[in-house]
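In what follows, every heavy atom counts, from backbone to side chain, and hydrogens, waters and symmetry copies are set aside. Numbers here are sequence positions counted from 1. In listed order, ligands and their atoms are each counted from 1.
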Amino acid sequence: MIDSPLRVAVVGSGPAGFYAAAALLASDLEIEVDLIERLPTPWGLVRLGVAPDHPNIKAVSRAFEKTAAHEAFRFFGNVEVGRDVTHEELTSLYDAVLYSVGAQTDRSLGIPGEELPGSWAATEFVAWYNGHPDFQHLSFDLSGERAVVIGNGNVALDVARMLALTPEELATTDTTDAAIEAINGAGIREILVVGRRGPVQAAWTPVEVGELGELAGADVIVDPADLELDEASEAELAAAPPTVRRNIEHLRDYAGRAPADKPRAIRLRFLSSPVAILGDERVEAIELVRNQLVDGRAEATGETETIPCGIVFRSVGYQGVPLPGVPFDERSRTIPNEGGRVTPGVYCAGWIKRGPSGVIGTNKKDATETVQLVLEDARAGELPPREEGSLEELLAARGVEAVLYAGWQSIDTAERAAGEPHGRPRVKLATWDELLAAARAPESAK
Ligand SMILES: Cc1cc2nc3c(=O)[nH]c(=O)nc-3n(C[C@H](O)[C@H](O)[C@H](O)COP(=O)(O)OP(=O)(O)OC[C@H]3O[C@@H](n4cnc5c(N)ncnc54)[C@H](O)[C@@H]3O)c2cc1C
Ligand SMILES: NC(=O)c1ccc[n+]([C@@H]2O[C@H](COP(=O)([O-])OP(=O)(O)OC[C@H]3O[C@@H](n4cnc5c(N)ncnc54)[C@H](OP(=O)(O)O)[C@@H]3O)[C@@H](O)[C@H]2O)c1
């Protein structure tokens with residue numbers, strides 16, 4: 001028998017969480033969804049990952065707002081599962097719990113010097129310039145002439161592009177003021193993006209590669225020799241999807257361009273891996289080894305080169321972190337699941353389900369697949385019975401101050417109002433104190 005309404009807790013309010021909530025609320029079963037989020041703000045990486053110069057992509061949040069307007073939807077921000085409420089408590093209060101907590105940390109390179117001051121995870125830089133309240137105490141020294149970005153994914157391109165934006169380009173974004181000031185005042189002349197494999201194997205996508213060529217303040221430099229492909233890469237390119245061929249077309253265009261003496265340059269370099277980050281007190285240089293491709297893998301040749309640089313960003317992927325009491329696979333750094341089902345009553349979606357890859361839209365299909373299993377289990381009477389009580393009571397008894405959706409709307413209104421006179425979409429509140437104070441503002445008491 002189905003308890004009516006079915007009560008589902010979704011943990012994590014990024015794309016996967018919102019798409020899961022939308023799919024649950026669209027079902028023909030009567031369902032109430034509580035979306036639990038550790039930050040006072042929703043949208044996950046749409047707010048705190050997607051680059052500030054990509055406002056059109058951030059506009060996907062409008063779809064999430066529609067979901068939030070559903071009468072059976074509630075938002076509990078500033079509530080961290082594992083800290084404020086346990087997994088066991090959630091499973092007893094809800095018929096089903098669906099984790100969509102993303103991949104909260106970075107992968108490391110495992111090379112000497114990685115911990116030197118000036119060697120950063122891209123995750124940290126991205127969270128900082130996007131106003132994540134856990135990262136605002138960081139200070140990035142951008143005074144050196146060369147920054148090195150390790151990795152050939154779209155996040156590496158985001159980091160390179162953000163470092164290359166002009167004051168005019170930054171001025172109309174919601175990049176934090178601290179980051180705008182630091183980037184505008186940076187001494188950086190060259191941003192070297194280093195891929196361990198070749199241009200055909202790069203993980204980035206054509207729109208992102210193409211927009212490098214449109215930057216007002218940076219030339220894009222590609223060595224034509226790097227585009228001379230070996231036989232295996234030629235064969236791979238011939239069989240590759242059109243996106244890879246478009247990437248290569250962009251790179252060929254860059255390789256044929258004469259530099260326009262713009263203030264900064266983004267130099268794309270391939271078949272090179274970092275072997276050490278060098279410096280006494282802080283980063284002074286990076287040692288790269290030349291690779292060759294063997295069966296599609298990067299294999300070091302032994303030929304090394306030391307390149308002076310002031311800062312290094314490691315952009316080699318994100319990874320999930322375990323939640324107390326929730327199964328976790330250390331190897332894949334995900335919650336073990338079948339199609340999103342962990343056990344009847346516990347589910348997952350998004351990056352914590354399949355690993356840190358895929359664009360925002362990928363999470364829609366992924367979350368919908370998971371929700372189908374929730375509904376299947378509900379209809380089959382497989383969900384363990386829930387107990388008496390509610391999340392609000394539990395949080396109140398514990399003195400946890402949840403930020404409800406009205407509280408977020410109050411933050412949103414304040415941020416948009418601050419941005420409006422400057423032609424910016426918003427000026428983000430980026431400290432916990434500011435965010436919680438805005439959430440408590442009178443309009444959120446409605
Ligand atoms: C830097 C960057 C830029 C990107 N840019 C683009 C882009 O331009 N276009 C595009 O299509 N895709 C982009 N992506 C990919 C896209 O952001 C992801 O596919 C998507 O965000 C993954 O969704 P998710 O819901 O699984 O995770 P997330 O978006 O990370 O959401 C997870 C949420 O869970 C919350 N959470 C974590 N732990 C807990 C806990 N214990 N309790 C409560 N809440 C918790 C987090 O605070 C977060 O809000 C980008 C990714 C990155 C990293
Ligand atoms: N605008 C957008 O649409 C946008 C923007 C940002 C992010 N995203 C999406 O978000 C997801 C995550 O992006 P991401 O850039 O973090 O990850 P990603 O696409 O997986 O790219 C990771 C890069 O790091 C490299 N790498 C991994 N380990 C390495 C090592 N030890 N040494 C050197 N290089 C190493 C990988 O090379 P190998 O291929 O050799 O492993 C790859 O080039 C992707 O799906 C991406 O498309 C989209």
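The Gly44 neighbourhood of ligand 1 comprises atoms 29 (O), 31 (O), 48 (C), 49 (O), with distances under 4.0 Å to a heavy atom of that residue. Close approach of ligand 2 to Arg197 (heavy-atom distance below 4.0 Å) involves ligand atoms 38 (P), 39 (O), 40 (O). Near Leu323, meaning under 4.0 Å from any of its heavy atoms, are these atoms of ligand 1: 41 (N). Contact atoms of ligand 2 toward Gly317: 16 (O) (distance under 4.0 Å to a heavy atom of the residue). Listed by number with element, the atoms of ligand 2 under 4.0 Å from a non-hydrogen atom of Ala203 are 19 (O), 21 (O). Applying the 4.0 Å criterion to heavy atoms of Val155 picks out, from ligand 2, the atoms 6 (C), 7 (C), 13 (O), 14 (P), 15 (O), 16 (O). Those atoms of ligand 1 with a heavy atom of Gly350 less than 4.0 angstrom away are 26 (O). Listed by number with element, the atoms of ligand 2 under 4.0 angstrom from any heavy atom of Asp158 are 5 (C), 6 (C). Heavy-atom proximity to Trp351, at under 4.0 Å, picks out these atoms of ligand 2: 10 (O), 11 (C), 12 (C). Close approach of ligand 2 to Glu208 (heavy-atom distance below 4.0 Å) involves ligand atoms 1 (N), 2 (C), 3 (O). Taking every heavy atom of Val359 and a limit of under 4.0 angstrom, the matching atoms of ligand 2 come to 3 (O). Close contacts of ligand 1 with Val126, meaning ligand atoms under 4.0 Å from a residue heavy atom, involve 1 (C).
For ligand 1, the polar-atom distance check finds an N/O of Ile360 within less than 3.5 Å of one of the ligand's N/O atoms. Considering backbone and side-chain N/O atoms, Asn154 comes within less than 3.5 Å of an N/O atom of ligand 2. Where the criterion is an N or O separation shorter than 3.5 Å, residue side chain and backbone included, Tyr318 fails it with respect to ligand 1. Of the N or O atoms in Arg38, one or more lie within a sub-3.5 Å distance of an N or O in ligand 1. Note: no N/O pair closer than 3.5 Å links Arg107 and ligand 2 by distance alone. Ligand 1 has no N or O atom lying under 3.5 Å from any N or O atom of Val155, backbone or side chain. Residue Trp351 has at least one N or O atom closer than 3.5 Å to an N or O atom of ligand 1. Close N/O approach between Ser357 and ligand 2 is not found [any backbone or side-chain N/O within under 3.5 Å]. Residue-to-ligand polar distances place Leu45 within reach of ligand 1: an N/O pair is separated by less than 3.5 Å.
In this structure, atom 25 (O) of ligand 1 lies nearest to the protein heavy atom Ala16 N, 2.9 Å. Closest protein heavy atom to atom 46 (C) of ligand 1: Glu37 OE2, 3.5 Å. When hydrogens are left out, the protein atom nearest atom 31 (O) of ligand 1 is Gly14 CA, 3.4 Å; that is the closest non-hydrogen contact. Annotation: atom 9 (N) of ligand 1 to nearest protein heavy atom, Ile57 CG2, 3.5 Å. Counting only heavy atoms of the protein, atom 43 (O) of ligand 2 lies nearest to Asn152 N, 3.0 Å. Looking only at protein heavy atoms, the nearest one to atom 31 (N) of ligand 2 is Arg196 NH1, 3.5 Å. The nearest protein atom to atom 15 (C) of ligand 1, hydrogens excluded, is given as Gly358 O, 3.6 Å; this is a heavy-atom distance. Of the protein's non-hydrogen atoms, the one nearest atom 42 (N) of ligand 1 is Val81 N, 3.1 Å. Looking at atom 50 (C) of ligand 1, its nearest protein heavy atom turns out to be Val50 CG2, 4.7 Å. Here the heavy atom of the protein found nearest to atom 22 (C) of ligand 1 is Asn363 ND2, 3.6 Å.
Heavy-atom separations between Gly358 and ligand 2 include at least one value shorter than 4.0 Å. Residue contacts with ligand 1 include Val79, since one or more of its heavy atoms lies under 4.0 Å from the ligand. Distances shorter than 4.0 angstrom do not occur between any heavy atom of Thr362 and any atom of ligand 1. Residue contacts with ligand 2 include Ser315, since one or more of its heavy atoms lies under 4.0 Å from the ligand. The shortest heavy-atom distance from Leu109 to ligand 2 is under 4.0 Å.
A centroid separation of less than 6.0 Å is found between the aromatic rings of Phe64 and Tyr19. Taking the ring centroids of Phe73 and Phe18, they lie under the 6.0 Å cut-off. If you look at Trp43 and Trp408, their ring centroids are closer than 6.0 Å.
Counting heavy atoms under 4.0 Å from ligand 1, residue Val11 touches it through the side chain alone. At a 4.0 Å heavy-atom cut-off, ligand 2 touches Pro356 through the backbone alone. Residue contacts with ligand 2 for Val207 are absent, since no atom lies close enough (heavy atoms, distance under 4.0 Å). Of all the heavy atoms of Arg83, none lies under 4.0 Å from any atom of ligand 1, so neither backbone nor side chain is involved. The proximity of Asp158 to ligand 1, defined as any non-hydrogen pair under 4.0 Å, is limited to the side chain.
Under 4.0 Å is where a charged nitrogen must lie from a carboxylate oxygen, and between Asp34 and Arg74 at least one such pair does. Taking a cutoff of 4.0 Å between a charged side-chain nitrogen and a carboxylate oxygen, Lys364 and Glu369 do not qualify as a salt bridge. Salt-bridge check for Glu299 with Arg196: failed, with every basic side-chain N at 4.0 Å or more from each acidic carboxylate O. The residues Arg47 and Asp174 are annotated as not salt-bridged, no charged nitrogen and carboxylate oxygen being separated by less than 4.0 angstrom.
For Lys58, the NZ atom is densely surrounded, since the number of other residues' heavy atoms within 6.0 Å is greater than 12.
By the 30° and 60° cut-offs, the orientation of the rings of Tyr318 relative to Trp351 is perpendicular. Relative orientation of the Phe135 and His132 rings is perpendicular, given thresholds of 30° and 60° on the angle between their planes.
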- Message: One pair to check against side chain to side chain donor-acceptor pair (under 3.5 Å): Thr370 and Lys353. What are the steps and the verdict?
- Response: CA-CA 10 Å; Thr370 298; Lys353 167 181 167 186; 3.0 Å; yes

- Quick one: do Thr205 and Glu208 satisfy side chain to side chain donor-acceptor pair (under 3.5 Å)? Show the steps, please. CA-CA 6 Å; Thr205 42; Glu208 287 63 34; 2.6 Å; yes

- For Trp432 and Asp134, run side chain to side chain donor-acceptor pair (under 3.5 Å): C-alpha distance rounded to whole Å, both residues' side-chain angles, the deciding distance at 0.1 Å, then the answer. CA-CA 8 Å; Trp432 283 92; Asp134 287 345; 2.8 Å; yes

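Considering Ile31, Leu98, Asp366 in turn, Leu98 is the only one that fulfils the side-chain contact (heavy atoms from CB on, under 4.5 Å) rule with Val371.
Considering only non-hydrogen atoms, atom 32 (C) of ligand 1 lies nearest to Ser100 out of Ser100, Ser13, Gly12, Gly82.
No cation-pi contact links Arg341 to Tyr347, judged by a cut-off of 6.0 Å to the six-membered ring centre and 45° from its axis.
Protein heavy atoms are found less than 4.0 angstrom from atom 53 (C) of ligand 1.
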